[in-house]
Structure formats: C-alpha cells, structure tokens
Amino acid sequence: MPELPEVETIVREMRPAVQGRVLREMAVLDSSAFSLSPLAPEQVKGLEVLSVRRRGKYILMDLGSFCIAIHLRMTGQLRWGEPDPRSRVIFRFSDGSQTLSFVDVRRLGKVLIFNTEDMSKVLSLGQEPLECGCDQFLEGLRQRRGRIKPLLMNQGFVAGLGNIYVTEALFASRIKPTRRASDLTQREGRQLFQAIQNCLKMGIQNGGSSFRNYVDLYGNPGRTQKKWRVYAKPAGSACPRCTQKLRFVMMAQRGTVYCPKCQR
DNA sequence: ATCTATTCCTGGCTGC
DNA sequence: TGCAGCCAGGAATAGA
C-alpha cells in the first residue's frame with residue numbers, strides 16, 4: 001500500500017531514469033486507469049519530462065504546461081524496463097530507451113493528465129507533512145472536532161499519510177486513535193507532529209514498506225515493515241512498549257491497532 | 001462539519 | 001483438491 005515514503009522512493013528512482021527524456025507515446029491499455037483524467041493522452045506526445053516530483057501520494061511528471069499524475073492506490077506499481085504484459089499504461093520515450101509501465105492487479109490506481117495551472121484544483125491536497133511547520137499543524141488540529149486518526153488519513157488535511165504511517169505515528173506519540181483532534185494538548189500535538197515526521201523519514205530511509213505487494217521501480221521490496229511496532233499485529237498480541245494486549249478496532253473502514261494502556 | 005455506507009477491484013486466504 | 005465466500009483499504013461519492 002504505497003504511502004508517502006513508498007511514493008518518495010519511486011520518485012527518487014524515477015529521476016535518473018526519465019528526467020530529460022521526451023515522451024514518444026503514452027499507451028492506455030486499460031481505460032479504467034485513465035477514467036478520471038481531465039485531458040487525453042495525446043496531449044503529452046513529444047513533450048520532455050522536465051522534472052519528477054511527489055505531492056502527497058501522487059507521482060508527478062512535470063511537462064511544462066501539462067502534468068501527468070499517477071496514483072498507485074492499493075496495488076499499483078511503476079516499473080522501469082521492458083513493458084510488462086500486465087501493464088495498464090505504458091510510457092515510451094523518443095530515444096527508444098526502456099519504458100515506464102504502470103501495473104496494477106486490482107485496477108484501483110489512476111493516471112491523470114491536466115494543465116499544470118489546474119494542479120491544486122485537480123488534486124486538492126493539504127500540507128506536505130515533511131515541509132509544513134509544527135505550528136501550522138497544531139493550528140489545523142485545533143480547528144477540527146473529528147477523531148484524530150481519520151483526520152490524519154484525510155488527504156485534504158495532510159497529504160501522503162495512510163493507514164500504516166498514521167497507525168505507527170499514533171503509537172509512537174502515545175495518542176489513542178479515537179481522540180478528538182481539537183482535544184489534543186499542545187504537547188501531544190507536538191509529539192504527534194514529531195512522530196509523523198520520524199515515521200515518514202524512517203520509511204524513506206528504509207526504501208518504503210512492503211506488506212502485500214509494494215515494490216520499487218526495479219521490483220525491489222522495501223524494508224520498513226521490519227520496523228513496524230504495531231501495524232498488522234494481531235489483536236491480543238503484546239504491546240512492544242508495555243506488554244499490554246493490543247486492541248483492534250475499525251475506524252473509517254480501516255483496521256486500527258493500538259495499545260489501550262499506553263495510548264491515551 | 002462530521003459521520004457512515006457504498007463503490008471500485010482481485011489475489012489470497014478461510015472454511016467446508 | 002476444489003470452490004464459494006470473505007477480506008484488505010485509498011479515495012470518490014452519496015446520504016444522514
């Protein structure tokens with residue numbers, strides 16, 4: 001399940017591979033992958049990939065006045081090399097180099113083309129958690145009465161967090177996932193902000209997390225899953241901090257693990 | 001504003 | 001060994 005660290009890993013690998021190359025063709029083999037795109041694939045033919053960036057969980061290929069955004073959702077992968085027979089979208093370059101393939105068994109991922117000036121409207125994302133200041137984050141929390149976990153998963157609030165890193169950050173900062181955001185103390189908010197940044201940086205340093213099927217541009221799995229402290233742990237197993245039995249609840253249709261003793 | 005339910009989707013797992 | 005049924009969840013959407 002690619003979240004910010006997985007997407008960041010892919011983006012860093014994509015830069016030497018595709019930056020500066022000219023798109024010869026973008027072949028859409030599965031129209032459902034492209035169903036939400038404002039513009040057609042013909043728009044990007046012959047354009048140079050000026051830069052590759054990440055915004056939230058989106059991979060962005062900047063082409064000047066146009067932009068391509070790729071969202072991997074649950075099982076999407078980007079692969080560099082020979083076109084994969086399972087590819088749903090294939091990017092070919094004019095120098096005849098290797099191709100960039102979008103593969104996605106569950107077909108939930110999306111590719112979008114839009115005018116660069118429309119980006120904020122098309123993506124509608126909140127702050128980058130590794131770039132915004134702590135005070136800005138605290139101010140955001142203060143204004144929200146909803147529960148902290150769904151709020152952190154809301155891409156319009158902070159962009160790039162998903163179930164894995166939110167679960168880990170709440171555990172690290174000892175905050176119960178059901179707490180109301182506006183009820184967090186200043187101190188708790190700061191600890192949460194620090195924990196989010198630490199979890200994301202650790203994820204990036206370790207090449208992302210491979211749980212079900214995340215792999216990078218070259219098919220390599222990440223290593224961060226070895227660092228998880230509570231995510232994917234079964235209910236009733238021992239808390240790694242206090243040995244109390246971990247609890248499992250559903251929140252906003254997401255499995256949520258926490259320690260009832262040390263997360264308050 | 002905030003919440004829940006539904007939809008999308010299929011490999012992998014469970015239980016019979 | 002086979003097969004039906006369920007489950008995972010990011011995000012859009014609808015409705016309460």
Side-chain angles (χ1 to χ4, degrees), chain A residues 1-8 10 28-38 54-60 69-78 84-89 102-112 114 118-126 128-129 139-170 177-184 196 199-200 203 208-215 219 221-222 225 228 230-235 248-258:
Chain A
M1 290 156 283
E3 303 179 22
L4 188 154
E6 291 74 36
V7 173
E8 182 65 29
I10 292 168
V28 178
L29 306 179
D30 177 4
S31 60
S32 73
F34 205 65
S35 59
L36 298 178
S37 180
R54 180 191 58 73
R55 180 77 175 93
K57 300 176 195 170
Y58 286 94
I59 296 155
L60 303 177
I70 301 160
H71 198 304
L72 303 173
R73 294 277 182 99
M74 300 297 296
T75 57
Q77 299 177 353
L78 274 182
D84 189 296
R86 303 162 301 161
S87 298
R88 307 199 178 275
V89 178
F102 173 62
V103 182
D104 184 13
V105 278
R106 281 176 59 185
R107 305 173 67 211
L108 294 168
K110 298 292 174 193
V111 179
L112 309 169
F114 48 85
D118 297 335
M119 180 173 316
S120 60
K121 194 177 62 189
V122 174
L123 304 184
S124 63
L125 297 171
E128 283 294 324
E139 180 59 19
L141 290 185
R142 211 175 57 76
Q143 295 168 357
R144 300 295 197 118
R145 301 236 345 111
R147 297 179 192 279
I148 188 65
K149 191 189 179 214
L151 180 62
L152 294 176
M153 309 254 310
N154 180 346
Q155 302 301 299
F157 183 69
V158 266
L161 297 175
N163 205 18
I164 295 170
Y165 294 95
V166 166
T167 299
E168 290 296 317
L170 286 170
T178 52
R179 289 279 297 281
R180 292 205 176 271
S182 54
D183 288 350
L184 295 186
I196 289 169
C199 288
L200 293 175
S209 301
S210 292
F211 181 43
R212 296 215 155 79
N213 64 356
Y214 164 75
V215 290
Q225 65 280 6
W228 292 344
V230 288
Y231 184 80
K233 287 261 178 73
F248 180 92
V249 294
M250 291 302 283
M251 284 189 76
Q253 280 73 45
R254 298 294 175 279
T256 303
V257 184
Y258 71 98

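Just so you know, these numbers come straight off a predicted model, no measurement behind them. In what follows, every chain begins at residue 1, and chains take the letters A, B, ... in the order their sequences are listed.
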Give A:M1 one of three labels, base, sugar-phosphate or nothing, depending on what nucleic acid heavy atoms sit under 4.0 Å from its own.
-> sugar-phosphate
Atom-pair distance (CG on A:L151; P on C:dG10), nearest Å | 15 Å
Could you check how far CG of A:L36 sits from P of C:dT13, rounded to whole Å?
-> 7 Å
For A:H71 and C:dA11, what is the distance between atoms NE2 and P respectively, to the nearest whole Å?
-> 4 Å
Just by distance, do the side chain of A:E3 and the backbone of A:I164 share a donor-acceptor pair under 3.5 Å?
-> yes
Between A:L108 and A:R145, the residue closer to the 5' end of DNA chain B by nearest nucleotide is A:R145
So what does A:K57 touch, heavy atoms closer than 4.0 Å: a base, only the sugar-phosphate, or nothing?
-> sugar-phosphate
5'-most by nearest nucleotide on DNA chain C - A:Y231 or A:V122 = A:Y231
Please report the closest heavy-atom contact between A:R254 and A:K149, naming both atoms and the distance.
-> CB-NZ, 3.8 Å
Checking all strands, does A:Q155 fall into the base, sugar-phosphate, or nothing category for heavy-atom contacts under 4.0 angstrom?
-> sugar-phosphate
Can you check the A:R73 CZ to C:dA12 P distance for me, whole Å?
-> 6 Å
Test item: A:T167 side-chain N/O and A:T256 main-chain N/O as donor-acceptor pair under 3.5 Å | no
Can a donor-acceptor pair be found between the side chains of A:S209 and A:Y165 at a distance below 3.5 Å?
-> yes
Bend angle of the helix from B:dT2-C:dA16 to B:dC16-C:dG2, end axes from five pairs each (to 10°) = 50°
In whole Å, what is the span from the CG atom of A:N154 to the P atom of C:dA11?
-> 9 Å
Rounded to whole Å, the CG-C1' distance (A:D104 to C:dA11) equals 13 Å
Please report, rounded to the nearest Å, how far the P atom of C:dG10 is from the CE atom of A:M250.
-> 10 Å
With heavy atoms under 4.0 Å as the rule, sort A:G255 into base, sugar-phosphate or nothing.
-> sugar-phosphate
Boundaries of the chain A footprint along DNA chain B (any atom under 4.0 Å from a heavy atom) = B:dT2 to B:dT10
Would you name the heavy atoms of A:Y214 and A:G208 that are closest together and state the gap between them?
-> CE2-CA, 4.4 Å
Please say which of A:R54, A:K57, A:R55 ends up in a salt bridge (Lys or Arg N to Asp or Glu O under 4.0 Å) with A:E8.
-> A:R54
Pick base, sugar-phosphate or nothing for A:G146, based on heavy-atom distances below 4.0 Å to the nucleic acid.
-> sugar-phosphate
Smallest separation among heavy atoms of A:A159 and A:L4, with atom names = O-CD1, 3.8 Å
Considering non-hydrogen atoms only, spot the tightest contact between A:P38 and A:F114 and give its length.
-> CG-CB, 4.0 Å
Applying the salt bridge (Lys or Arg N to Asp or Glu O under 4.0 Å) test to A:D30, which of A:R86, A:K110, A:R88 qualifies?
-> A:R88
The residue, A:R180 or A:R107, whose nearest nucleotide of DNA chain B is more 5′ is A:R180
Interatomic distance where CZ belongs to A:F157 and P belongs to C:dG10 [whole Å] = 18 Å
For the side chain of A:Q77 and the backbone of A:F102, is there at least one donor-acceptor N/O pair under 3.5 Å apart?
-> no
